[in-house]
Amino acid sequence: MLASAAKLSDWIVGIRRELHEYPELMYEEIKTGAVVRRTLDELGIKYKYPMATTGIVAAIGDGKGPCVALRADMDALPIHEEVDVPFRSKVDGKMHACGHDCHTAMLLGAARLLKERESDVHGTVKLIFQPAEEGGAGGERMCDEGALNNPDVQRIFGIHVWPYLPMGAVGSRTGVFLAAAGVLEITVTGRGGHAAMPHTTLDPVMTSAKIVTELQTIVSREVDPLEPAVISVTTIHGGDAHNVIPQSVKMGGTVRSLTLDGLRFLQKRVREVAQQVAIANRCEATVEFPGNDYPPVLNDATAWGSARAMAEEMLGKNAVVELPPVMGGEDFAFYTQRVPGCFVVLGVKQDGDGPVYGVHHPLFTANEKALPVGAALHASYALRALEELR
Ligand code: NI
């Protein structure tokens, strides 16, 4: 499979670069989806569209027997690309900084590999191209709109490119792999006024500073040191003038745990602490957790065992690593809530000893030599899982 994929390398990389030039944000994956559908049409693969606004579900196989799903996400990020390559983003302020262009190209590579072997596909392989991984819970909507039904998916597999691992290495683990994550927004309201007469105001800037500091003690004093937890305040906006105490301050951030119960606990305590610190300082805090809380990505032991063995056969034992959990979130979690599955990361570190820029960084790059490896992993996993499920 790897040798076949290597022959498709230029084709897969070409698709990736085409997608990379025109990144699209969540639920706006119009051009991206058009590339996917054009490619599926060229390969003679049938698909259902639209699902979850811009999503696509294709199917390969004889339809007799088990069903396995492979998943890619298609959306980009509101980041301005700073990488100087000929195929850099042509859209100011948008960038494929999380490698979802690679994911989509690798899954199309797998589509071609599987279509060439369709007589060996005993059952159905569903190819899920989903929108809105980056906070839009596109995976949840795909599930709600039936991506896992008809035929019913019995196992699902997904890959994320990973710049921290050497090119072509594969990593994952059994159990919780990626964290439960939610968005945090706090508005602190006081009473503005002249900065020279603070006693006539209710100062939301000073109160916000106290809230940020106080929130840190939830993790350090209330959570078991052996239980991973994150509360990060990442934005603070308030005030326009050096001599004016503003009326209000807005803050944003993220709350994460390895369990949904842990996430709920952190959210409850963030709300209580922020509100009470505000009251103690004669202000008022409104605490919201808007958007979609992502559940943790839970890898099934059998699914990862199978992926691990498959990757070792393909790439060698040394290329496959057990990883500790990561506090990043992933909406692949919505699939693993419904069917057993496995999410793995694929090393895309550049050759040499240059600096590594992580995902969501304006200088993030992926080593494109890994793309045919990802396509081969997808296709091999599907065939192996179908065999195991028969
Ligand atoms: Ni991502």
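Since the model is a prediction, treat every value here as computed from it, not as a measurement. All ligand and atom numbering here is 1-based and tracks the order in the structure.
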(request) Using modelled atom types only, decide if a donor and an acceptor are shared between the side chain of His103 and the backbone of Val161 within a distance under 3.5 Å. (result) yes

(request) Would you mind counting protein N, O or S atoms that sit less than 2.8 Å from the Ni ion (ligand 1)? (result) 3

(message) Under a 4.0 Å threshold between the charged nitrogen and the carboxylate oxygen, would Arg71 count as salt-bridged to Asp331?
(response) yes

(request) Would you kindly check if the NZ (Lys) or CZ (Arg) of Arg173 is within the cone defined by 45 degrees around the ring axis of Trp304 and under 6.0 Å from the six-membered ring centre? (result) no

(request) Decide whether a cation-pi geometry holds between Arg16 and Phe87; the criteria are a distance under 6.0 Å from NZ or CZ to the six-membered ring centre and an angle within 45° of the ring axis. (result) no

(request) Just grab all the ring pair (Phe, Tyr, Trp, His ring centres under 6.0 Å) pairs involving residues 251-298, residues at least two apart or on different chains. (result) Tyr294-Phe334

(message) Whether the Gln130 and Tyr335 side chains hold a donor-acceptor pair (N or O, under 3.5 Å, no angle test) is what I'd like checked.
(response) yes

